[in-house]
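Worksheet for the structure shown next.
Every chain is numbered from 1, with letters handed out A, B, ... down the list of sequences. Computed from heavy atoms alone, side chains included, the values below leave out hydrogens, waters and symmetry copies. Keep in mind that this is a model prediction, so the values were computed, not measured.
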Amino acid sequence: MNDQRLRLDLADLAEEVTPVDLRDRALRTSRRIGTQRAVATSAAVVLMLAAATGTAFAILPGRGADPLPATTPSITASPSPSASPTPSVSTDPSTPSSGAPASLGDTATFDRLFYVPEDVTPGAQSVRLRSWRPGDDPTRLASLPQVPALTSASVSPDGQRVAWVEDGDQPTLYVANVDGSGRKPMVVGADRACVTPTWSPDSRHLLFRESADDTGVPRRYGVLDTRSAKKTVHWWTAEPEACHALWSADGNTIAMNTSAGVTLFDPDGKRKRDVPGLSHNGNWWSGHIASIAPNGSRIALYRFHPQEEDQRDVARFLRASAVLDTRTGKAVSLPLGGRELRQVFFQADGSMVVRVRSGGHSTLILVDEDGTKISEEAEPSSLTNMQIIGTAG
Amino acid sequence: MDPLLNEFDSFVRTRTPALLRSAYLLTGDQHLAEDLVQSALARTHRSWNRLHHSGNAEAYTRKTMYHLQVSWWRRRRVPESMTGDLPEPRGGDSGPDHASQTTLRLTLRAALAKLSPKQRAVLVLRYFEDRTEVEVAELLGVTVGTVKSQTSKALAKLRSVAPELAELYVLEGSAR
């Protein structure tokens, strides 16, 4: 779809409206709502007293207060940047312990996996980050605001910290320990959807992009030193039109979605090469990458036929439908056993955690670099409706 | 003057134009848009003590606006004052001149009027406010699956009520 044309025409149509000052009208309505609430509260008290004393309803005012519109949304503001975190690390009691792993090899093991919900829970203000290592019980970690948790939360490769971007008057990049403690605002004015915070392999730096300003000033890509007292940022001189960064474990490659599909950059943002085989008008397209091999040689991504499917939302989408060789663009064969592929994450040793689903149950398969299955593990049912957002050794 | 009220005044004066633009796309009418923004701002004012330092006042106001719009429509069940009659398609030259742009705007306006409030809301949020599917779902209190399906239905409806828009936007609908 020509999204851009629709966007421009909606913007054009919206300009038909005449700006007016609504300050006084809003304040009058606010006072009326306040009065209605007060009257409603009074009426409720009278009703309670009447019920308690047997007084006739005749004493009620002739005209009852209008109820508060059922439409009034029950909204609470997201925690303020100064809100104290809620450290909470606990074993999830609702989840049965998984059975012993049916290990087929002993050269690779599952890393610790981090999860957030896969979909929005209507009405929820916050959700839990969780972790699980096959063989252990799932662990409840930080409470994060719902939208950032689903779209930008990123766990450092050492599994110690989590970064995310909260929307607001100024979208702000935060970093906290994975248990929620030590929450700190790091960058005010960070992109919340296209380039979400991406950890360097040493778990110290974060690649991010500035959020757009109203004047259309180009948005810079920066690498933040999260340990520096002054929150030092090394700004890229390059400004690629790219989203969804992944940083390889060897530190040499950053992959991003571009107009070419997937492009590999060096750590300073210099373009290295495109992954072949992806095209808007061709057989396969992808705007969502999920994980990159430690040496940048393979990438897990969601690719689809552009004529049959539309998966173009700008937000992060960590599903995987294939693993591609980044040199040839050819798909790597995975031992799925007839099950639906859901996610793939590379571990630091080059092995892959392949998440598959069948009959409503999820299973994790540990696959070595050659594509051979090492072991597999049934995932606890409490994690079925969650998505993996990262792994840590 | 009360500093809190000062802050609220400043918020209202700086954000009302943008709120009105979204409200106009939601309602298709100047007066209904003003009523919608006014009501949302009033609720924001009621919660200003809590909102003023959080940096989330606009998000709260917009969320309120979208909820009010959907529920007002449910209560009224009457079409907006905006006409839903589509203008006659212009024949002949298809150049991007002022007249054809005006016709296009009228067509889009009328086509939007034929959508349900929720369908219109997802289109406005996705394509005017540039919200992600997760953000739209959170704002409207639904799942991402519902956002996808409502977007798909909204685009299909636009395609059926205004084929000339379908040609322009090459509306495929969303399969996912």
Q. Between Asp9(A) and Arg105(B), does a side chain to side chain contact (heavy atoms under 4.5 Å, CB included) hold up when you go through it step by step?
A. CA-CA 7 Å; Asp9(A) 287 341; Arg105(B) 195 164 61 225; over 6 Å; no
Q: Step by step, work out the side chain to side chain contact (heavy atoms under 4.5 Å, CB included) result for Phe11(B) and Leu51(B).
A: CA-CA 11 Å; Phe11(B) 170 75; Leu51(B) 290 170; over 6 Å; no
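Across Val20(A), Leu13(A), Leu150(A), the residue that shares the most heavy-atom pairs under 4.5 angstrom with chain B is Leu13(A). Chain A forms the most heavy-atom pairs under 4.5 Å with one residue out of Leu25(B), Thr146(B), Leu140(B), and that residue is Leu25(B). Per-residue counts of heavy-atom pairs under 4.5 Å with chain A were compared for Arg126(B), Arg46(B), His45(B); the largest is that of Arg46(B). No other option in Pro19(A), Ala11(A), Ala193(A) has as many heavy-atom pairs under 4.5 Å with chain B as Ala11(A). Put simply, of Glu58(B), Glu138(B), Glu34(B), the one with the most heavy-atom pairs under 4.5 Å next to chain A is Glu34(B).
Proximity to chain A (any heavy atom under 4.5 Å) is shown, for Thr143(B), by both the backbone and the side chain. Only the backbone of Val142(B) comes within contact range of chain A, with at least one heavy atom under 4.5 Å from a heavy atom of that chain. Heavy atoms closer than 4.5 Å to chain A are found in both the backbone and the side chain of Leu20(B). Only the side chain of Arg13(B) comes within contact range of chain A, judged by heavy atoms closer than 4.5 Å. Contact annotation for Thr18(A): both backbone and side-chain heavy atoms come within less than 4.5 Å of a heavy atom of chain B. Contact annotation for Arg192(A): only side-chain heavy atoms (C-beta onward) come within less than 4.5 Å of a heavy atom of chain B. There is no contact between Ala59(B) and chain A, counting heavy-atom distances below 4.5 Å.
The two atoms that bring Trp164(A) and Ala153(A) nearest to each other are CB-CA, 4.0 Å, heavy atoms only. Shown here for Ser39(B) and Leu68(B), the closest heavy-atom pair between the two residues is CB-CD1, 3.7 Å.
Annotation: cation-pi pair Arg319(A)/Tyr302(A) absent, no NZ/CZ under 6.0 Å from the ring centroid and within 45° of its normal.
In this structure, Arg131(B) and Val147(A) have side chains that are not in contact, with every pair of non-hydrogen atoms separated by 4.5 Å or more.
Between the side chains of Arg62(B) and Ser22(B), at least one donor N or O sits under 3.5 Å from an acceptor N or O.
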